[in-house]
Protein chains: 2
Amino acid sequence: MREEKADPVEIFVAFLRREGLNVTRSRLAVLRAIAAQPKHFEVAELQSSLRAQVSPATVYRTLGLLERAGLVRKLSFGETHAHYERAFGREDHGHLICQRCGRVWEFPIEGMRATLEKAAQTTGFSLREVVVEGYGVCRDCREAEPV
Amino acid sequence: MREEKADPVEIFVAFLRREGLNVTRSRLAVLRAIAAQPKHFEVAELQSSLRAQVSPATVYRTLGLLERAGLVRKLSFGETHAHYERAFGREDHGHLICQRCGRVWEFPIEGMRATLEKAAQTTGFSLREVVVEGYGVCRDCREAEPV
DNA sequence: CTCCATGCAAATCTTTTGCAATCCT
DNA sequence: AGGATTGCAAAAGATTTGCATGGAG
């Protein structure tokens, strides 16, 4: 019987040990802050939720590690700065992004990973993350200014 | 009988007129340069292909217009600077991005737009662009350094 | 004790903007 | 002519990096 680790902290600690890196107070604080964020967040939001606990440089460095550990996913939402989302404790899903107000809706994409897996196999690719995004205009914005 | 315009220049000109904007030498040069780019490109690449013809500021401004006109799509490929691809004369497709070497493979995603359309309808969203990306490690990189 | 990690500030890079000169229509 | 557009240089952001100091194993 295999025990699946679902706890992001355990996963992160295991990742760090495997890489010969230290488990530090700052790194854990960033992970904790992410768990407390809404589903997606910008780096600035994460930083202010960690105000004074962790420097910006370390927040960036830790996001990179969490990404490598598969605990966080980087998204852009069409903007010039990065957005992130937790990759743990969530079903696969896509995002609908309003190009006017920037709000984001999620929707299920079961089955889509299978399509990508197949394409990946054909290419000899080992697939880690799947990102599905739809850009357009939400109802509110359309009503506010048709066009 | 309706005549479908497939020519990007015609589409762009129509878009500009509709918006009360001028059809300028620079704008057309940017569009022409894009048509000559490989499927995806970075802004820096586009700029150097336009060396001295169009200033960087105008390249950025024009990319924004082309995006609004639906002739170009913005992608990030997980990097901090923008990538673009032509949105004309192409079937819907997804991208597989290697997180080690940055190379990109395309693959067909017929049917995926339908899934997004459905989600969009549910949300009252008017859908314009679809982006499907898979991140992972390509065969070459895996062979070069397993892990 | 030996590396690794952190903070700080400086450095990079990309993208955006203000403004005077120039181009479209 | 009259508003739109451009280039230039400066500004604004976001992210990365060098280095001396403090922390984990």
Side-chain angles (χ1 to χ4, degrees), chain A residues 9 12-34 40-69 72-85 99 102, chain B residues 9 12-34 40-69 72-85 99 102:
Chain A
V9 175
F12 194 30
V13 170
F15 168 83
L16 293 171
R17 292 210 202 298
R18 199 182 322 132
E19 302 270 320
L21 302 174
N22 292 349
V23 176
T24 67
R25 175 185 298 279
S26 303
R27 285 174 179 165
L28 294 176
V30 172
L31 179 51
R32 244 181 286 118
I34 287 172
H40 351 85
F41 56 91
E42 310 189 356
V43 179
E45 297 168 337
L46 180 58
Q47 282 172 349
S48 65
S49 93
L50 282 164
R51 206 185 305 282
Q53 279 185 75
V54 183
S55 78
T58 296
V59 170
Y60 277 107
R61 289 188 272 232
T62 305
L63 280 169
L65 293 174
L66 289 166
E67 211 181 339
R68 288 207 286 139
V72 123
R73 208 167 1 247
K74 190 191 269 186
L75 305 167
S76 85
F77 293 162
E79 305 207 59
T80 62
H81 59 282
H83 293 238
Y84 284 88
E85 73 174 355
Q99 292 172 317
Chain B
V9 174
F12 193 30
V13 170
F15 167 83
L16 291 171
R17 293 210 201 296
R18 199 182 322 132
E19 303 268 321
L21 303 174
N22 291 350
V23 177
T24 66
R25 176 185 297 281
S26 302
R27 285 173 179 164
L28 294 176
V30 172
L31 179 51
R32 243 180 289 116
I34 288 171
H40 350 84
F41 56 92
E42 311 190 357
V43 180
E45 296 168 338
L46 180 58
Q47 281 171 349
S48 64
S49 94
L50 283 163
R51 207 184 304 283
Q53 281 186 73
V54 185
S55 76
T58 296
V59 170
Y60 277 106
R61 291 187 272 230
T62 305
L63 280 169
L65 294 174
L66 290 167
E67 211 181 336
R68 288 208 285 139
V72 122
R73 215 177 344 259
K74 191 192 268 187
L75 304 167
S76 84
F77 292 161
E79 305 207 57
T80 63
H81 59 281
H83 293 236
Y84 284 87
E85 71 173 355
Q99 292 172 319

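As the structure is a computational prediction, the values presented were derived from the model and not from experiment. Just so it is clear: chains get the letters A, B, ... in the order the sequence lines come, proteins before strands, and each one is counted from 1.
Per the geometry, NE2 belonging to B:His81 stands 12 Å off C1' belonging to C:dT15, to the nearest Å. The separation between B:Glu79 atom CD and C:dT12 atom P is 20 Å, rounded to whole Å. Between the P atom of D:dT6 and the CG atom of B:Leu50 lies a distance of 12 Å, rounded to the nearest Å. In this structure, the CG atom of B:Leu46 is 14 Å from the C1' atom of C:dT14, given to the nearest Å. Rounded to whole angstrom, the span from the CD atom of A:Glu19 across to the C1' atom of C:dC3 amounts to 16 Å. Distance CZ (B:Arg27) to P (D:dA4): 11 Å, rounded to an integer number of Å. Atom C1' of nucleotide C:dT14 and atom CZ of B:Arg61 are separated by 15 Å, given to the nearest angstrom. Rounded to a whole Å, the NE2 atom of B:His83 is 10 Å from the P atom of C:dT14.
Within the structure, a side-chain polar atom (N or O) of B:Thr58 is placed less than 4.0 Å from OP1 or OP2 of D:dG7. For C:dT15, one of the phosphate oxygens OP1 or OP2 lies less than 4.0 angstrom from a side-chain nitrogen or oxygen of B:Tyr60. Close to C:dA5, at under 4.0 Å from its OP1 or OP2, lies no side-chain N or O of A:Ser26. Between B:Thr24 and D:dT6 there is a side-chain N or O to OP1 or OP2 distance below 4.0 Å.
Nearest heavy-atom pair, A:Asn22 versus A:Arg27, reported as atom, atom and distance to 0.1 Å: O-NH1, 2.8 Å. Of all the heavy atoms in B:Val30 and B:Val54, the pair that sits closest is CG2-CG1, 4.2 Å. For A:Leu31 against A:Val9, the heavy-atom pair with the smallest separation is CD2-CA, 3.8 Å. Closest approach of B:Leu50 and B:Val59 over heavy atoms only: CD1-CG2, 4.0 Å.
Comparing B:Glu42 and A:Arg25 along DNA chain C, the residue whose closest nucleotide (by nearest heavy atom) sits nearer the 5' end is A:Arg25.
In this structure, of D:dG7, C:dC4, D:dG25, it is D:dG7 that holds the atom nearest to the side chain of B:Val54. Here the nucleotide nearest the side chain of B:Asn22, chosen from D:dT15, C:dT6, C:dT25, is C:dT25. Here the nucleotide nearest the side chain of A:Val23, chosen from D:dG25, D:dT5, D:dT17, is D:dG25.
Counting non-hydrogen atoms under 4.0 angstrom, B:Ala44 reaches nothing in the nucleic acid.
Below 30°, between 30° and 60°, or above 60°: for A:Phe41 and A:Tyr84 the angle between ring planes is below 30°, a parallel geometry.
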